[in-house]
2 protein chains.
Amino acid sequence: MFFINSRDKTPIYEQLCRQAREQIALGVLKPGEPLPSVRSLSTELGINPNTIQRAYRMMEDEGLTVSIPGKGNFVTEDTDALQQDHRAKQCETVRRELAALKKLGGTKSDVLQLVDEVYGG
Amino acid sequence: MFFINSRDKTPIYEQLCRQAREQIALGVLKPGEPLPSVRSLSTELGINPNTIQRAYRMMEDEGLTVSIPGKGNFVTEDTDALQQDHRAKQCETVRRELAALKKLGGTKSDVLQLVDEVYGG
DNA sequence: GTAACTGTATTAATACGGTTAGTACAGTTA
DNA sequence: TAACTGTACTAACCGTATTAATACAGTTAC
């Protein structure tokens, strides 16, 4: 469910939080689904429990999960808003990158060809 | 020519190097054009000369500039390859972001609308 | 109730990297 | 010669990621 890219220079807790964000947006992590416990994920990944704790706290701060003391951490019940938000942000990213490509001389037909490659002719 | 975004968490020397990369790709920085001296840019931006030196070294390592001891740092003479390379990378970025958007449920018509917004109907 | 889980909080120590500071040396130019 | 230029080097400071070691409280199953 989670993994660590040691080549990635971003902090471990950010990697984990980002993965949760993406997997919720993709529907891989489903509403109410329990996450691994702090200690089990800690031993599984071979990192300190404090780092997991910080990742889980960040997930909860972003509204991705809810933390219930004594029980565990769970994916939030309403992932719909998160998915829509993530999709809107991705649209904005695409728009920004398209504008950058245009500035570099990329033509509309260049872009349309890229779209065809992704979506099929 | 260069500026520092203190809110940007990326290192100053990376910010400067990225700006050089972008401005060369956009044709703002022209082949052979001299860059500010290490010490003058240092005082202008209010940061340490060592940081500028590191940024300039990184630029040279990327082939963006050439450093001539006693004279200064200059934009490389052949910026064409750099521009083409930058444009190819930007195409790859757009393709990647498009694929991500598709995974999130973005339809082809959604994307085509974005393209129209950027390039005009 | 006890044991074994769960999350939470706190403090200290370590490690790494970015940045600053200061100095010194060598090439270039007027 | 003087005033630029880039380069090299060391030491120190600081913020942050990470580890380490505890301690406390809620939950669950026996």
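Throughout, a chain's letter reflects where its sequence line sits, starting with A, and its residues are numbered from 1.
Using modelled atom types and a 3.5 Å distance limit, the side chains of A/Asp78 and A/Thr76 yield a donor-acceptor pair.
Comparing D/dG6, D/dT19, C/dG18 by their nearest atom to the side chain of A/Asn48 picks out D/dT19. Between D/dT7, C/dT28, C/dT19, one nucleotide has an atom nearer to the side chain of B/Thr51 than all others, and that is C/dT19. Looking at the side chain of B/Pro69, the nearest of the listed nucleotides D/dT7, D/dA17, D/dA23 is D/dT7. Side-chain atoms of B/Pro11 lie closest to C/dT19 of the nucleotides C/dT8, C/dT20, C/dT19. Proximity note for B/Gln53 (side chain, C-beta onward) versus D/dA8, D/dA21, C/dT6: the nearest is D/dA8. Minimum atom distance to the side chain of B/Arg54 is reached by C/dT19, of the listed C/dT19, C/dT20, C/dG7. Minimum atom distance to the side chain of B/Glu60 is reached by D/dT7, of the listed C/dT20, C/dT19, D/dT7. For B/Ile47, the listed nucleotide lying nearest its side chain is C/dT20; candidates were D/dT18, C/dT19, C/dT20.
Between A/Asp61 and A/Arg54, none of the side-chain N atoms (NZ, or NE/NH1/NH2) sits under 4.0 Å from a carboxylate O, so this pair counts as no salt bridge. Taking a cutoff of 4.0 Å between a charged side-chain nitrogen and a carboxylate oxygen, A/Glu92 and A/Arg95 qualify as a salt bridge. A/Glu33 has no carboxylate O lying under 4.0 Å from a charged side-chain N of A/Lys30, or vice versa, which leaves the two without a salt bridge. Using a cutoff of 4.0 Å between basic side-chain nitrogens and carboxylate oxygens, B/Arg21 and B/Asp85 are not scored as salt-bridged. Between B/Lys102 and B/Asp110 there is no salt bridge, since no side-chain N of the basic residue sits under 4.0 Å from a carboxylate O of the acidic one.
OP1 or OP2 of D/dA17 sits under 4.0 Å from a side-chain N or O of A/Tyr13. Within the structure, every side-chain polar atom (N or O) of B/Tyr56 is placed at least 4.0 Å from both OP1 and OP2 of D/dG6. Close to D/dT28, at under 4.0 Å from its OP1 or OP2, lies a side-chain N or O of A/Lys71. Within the 4.0 Å cut-off from OP1 or OP2 of C/dG7, at least one side-chain nitrogen or oxygen of A/Asn73 is found. Residue B/Ser67 has a polar side-chain atom (N or O) positioned under 4.0 Å from OP1 or OP2 of D/dT7.
Of the two residues contacting DNA chain D, namely A/Pro49 and A/Gly70, the nearest-nucleotide position lying further toward the 5' end is that of A/Pro49.
Going from atom CD1 of A/Ile68 over to atom C1' of C/dT6 covers 11 Å, rounded to whole Å. In this structure, the CD1 atom of B/Ile52 is 17 Å from the P atom of D/dA8, given to the nearest Å. One atom, CZ of A/Phe74, and another, P of D/dG26, lie 17 Å apart when rounded to the nearest Å. Rounded to whole Å, the distance from CG on A/Asn50 to P on C/dA13 is 16 Å. Atom-to-atom, CD1 of A/Ile12 to C1' of D/dT16 comes out at 13 Å; the value is rounded to the nearest Å. Taking atom CG of residue B/Leu45 and atom P of nucleotide C/dT19, one finds them 12 Å apart after rounding to whole Å. B/Gln15 places its CD atom 19 Å from the P atom of C/dG17, with the value rounded to the nearest Å. Here D/dG15 presents its P atom at 21 Å from CZ of B/Arg7, a figure rounded to the nearest Å.
Applying the Watson-Crick and G-U wobble criteria (two distances, each under 3.5 Å), C/dT29 pairs with D/dA2. Using Watson-Crick or G-U wobble geometry with both donor-acceptor distances under 3.5 Å, C/dG17 finds its partner in D/dC14.
Using a 4.0 Å heavy-atom criterion, one finds that A/Arg57 contacts no nucleic acid atom at all.
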